[in-house]
There are 2 protein chains.
Amino acid sequence: MTTGLRERKKLRTRRALGAAALELAVTHGLAEVTVEQIAEAADVSPRTFFNYFSSKEEAVVAADVERARDMGERLAARPAGEPVLASVRAVMREMLGDAPRSREWIAQARLVRSEPSLVPQQLAAYAASERRLAAILAERTGLDATDLYPAVTAAAVMAAVRVATTRWLESDEHGDLADVVDRVVDLLAAGLRDAPSPGP
Amino acid sequence: MTTGLRERKKLRTRRALGAAALELAVTHGLAEVTVEQIAEAADVSPRTFFNYFSSKEEAVVAADVERARDMGERLAARPAGEPVLASVRAVMREMLGDAPRSREWIAQARLVRSEPSLVPQQLAAYAASERRLAAILAERTGLDATDLYPAVTAAAVMAAVRVATTRWLESDEHGDLADVVDRVVDLLAAGLRDAPSPGP
DNA sequence: CCGCAAATGTGCAGAGACTGCAAGATCAGC
DNA sequence: GCTGATCTTGCAGTCTCTGCACATTTGCGG
């Protein structure tokens with residue numbers, strides 16, 4: 001690992017900016033927050049803010065991008081022989097031990113729901129981990145990176161995870177997210193066969 | 001149909017703005033184009049531009065949003081008993097007869113690839129038709145709109161269509177997009193079972 | 001230690017994005 | 001035609017975002 005003082009400092013600044021942006025936006029609403037305020041809260045100049053993020057919106061969803069990167073690394077670390085959908089289930093269970101990070105996550109997700117201008121940025125974060133997942137799958141299966149199979153699998157899986165996360169955040173009783181992920185993965189594995197049990 | 005003069009005029013203005021934004025961005029690059037130029041090309045004031053779109057980016061992908069809406073309407077019009085994946089295949093074949101619109105589509109897709117700031121907007125357009133599809137599925141299956149099945153199916157299908165479109169646009173020999181869609185839908189229907197034929 | 005090269009942080013100036021407001025122009029229905 | 005509703009426009013002003021020059025800090029070899 002080449003984690004010099006320089007890189008650690010940069011990462012700290014980036015996280016401080018992201019956290020400040022999120023907190024201010026949650027408290028006052030995104031439109032009421034200026035870059036100047038975010039920079040001040042993170043103790044840097046406004047100009048420096050733009051060295052890290054190209055917009056307020058990007059800073060607010062920065063934690064999402066990190067989460068997506070984290071998920072990609074965990075997926076890459078799973079045993080190569082494991083079926084893809086099984087890896088996804090396992091990784092989601094791994095990622096859910098951290099209560100404080102979950103609380104911040106929920107706050108951010110609710111903010112995105114109330115601020116439409118954040119939706120595109122949120123989706124872009126998912127797209128990043130989708131690319132990561134596709135690359136992992138291509139390597140694992142020995143297929144070409146331009147092949148349809150890894151790309152479709154990655155896209156479908158990330159879409160399913162996104163739906164599971166959204167539904168979980170919207171439900172009042174926060175059961176286990178991993179269980180919801182299990183259910184959406186089951187649906188994928190079943191080939192989206194039409195109409196499951198009509199429900200009681 | 002309540003298509004008064006007013007509404008038709010508004011639609012014409014919206015399309016003119018979208019087309020002007022796209023053409024100017026393709027010609028000069030998105031960063032070099034100002035809202036003032038777009039407005040002038042569409043023969044309205046700059047202030048009016050912002051009555052239709054909240055940013056340059058949104059205007060450039062306006063055609064995508066329309067396409068997505070079109071797809072939603074076509075899907076809703078399919079026979080209610082038809083399996084979902086079959087409806088998707090059929091709709092994609094329906095939508096591909098129009099050569100001139102396809103050419104504009106390709107130009108726009110290439111622009112999105114070269115301008116990263118358009119990616120989030122592009123994804124947001126897909127998200128809109130995903131919601132539409134989920135609503136259609138919920139109604140068709142009689143399930144609740146908050147149920148996982150319609151949401152996951154819609155998300156997976158739209159993700160697959162997006163991958164198919166992207167791959168098709170990136171390939172040099174533009175075969176039949178509908179064929180590519182067929183292949184990705186096959187993958188979905190097969191439950192993303194691991195590693196198809198390793199390929200020659 | 002010391003000094004150099006590279007990477008970062010900052011201030012400044014300026015173009016452009018975007019918004020609220022109020023007034024003028026246009027359309028729909030009576 | 002008259003009238004209310006809707007759409008367009010200009011204007012003023014704030015904020016976003018960028019390029020550039022300069023100061024500061026870090027990494028590294030001497």
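Every chain is numbered from 1 and lettered A, B, ... according to where its sequence line falls, protein lines coming before strand lines. A quick note: this is a predicted structure, and the numbers were derived from the prediction, not measured.
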Residues forming a salt bridge (Lys or Arg N to Asp or Glu O under 4.0 Å) with B/Arg67, sequence neighbours excluded: B/Asp64

More than 12 non-hydrogen atoms from neighbouring residues, nucleotides or ligands closer than 6.0 Å to [atom1] on [X], yes or no?
X       : atom1 : answer
B/Asp43 : CG    : no
B/Glu73 : CD    : yes
B/Glu94 : CD    : yes

A/Lys56 bridged to A/Glu115 by N-O distance under 4.0 Å: no

Ion pair A/Asp186/A/Arg89, N-O distance below 4.0 Å: yes

Note, A/Arg12 side chain near A/Glu7 side chain (heavy atom, < 4.5 Å): no

Range on DNA chain C touched by chain A - first to last nucleotide, heavy-atom distance under 4.0 Å: C/dA6 to C/dC12

Extract all donor-acceptor atom pairs below 3.5 Å that involve side chains of residues 120-130 of chain B and protein atoms in other chains or at least two apart in sequence.
unit_1, atom_1, unit_2, atom_2, d
B/Ser129, OG, B/Tyr126, O, 3.1
B/Glu130, OE1, A/Arg162, NH2, 2.9
B/Glu130, OE2, A/Arg162, NH1, 3.1

Linked hydrophobic residues, B/Val65 as query - side chain contacts closer than 4.5 Å: none

Six-ring centre of A/Phe53, A/Arg14 cation under 6.0 angstrom, axis tolerance 45°: yes

Per-nucleotide protein contact string for nucleotides 18-27 of chain D, where B marks a base within reach and S marks sugar-phosphate only (heavy atoms under 4.0 Å, - for neither): BBB----BBS

Touch class at under 4.0 angstrom, heavy-atom based, for B/Tyr52 against every strand present: sugar-phosphate

For DNA chain C, the residues among residues 10-45 of chain B that have a non-hydrogen atom under 4.0 Å from it: B/Val33, B/Thr34, B/Val35

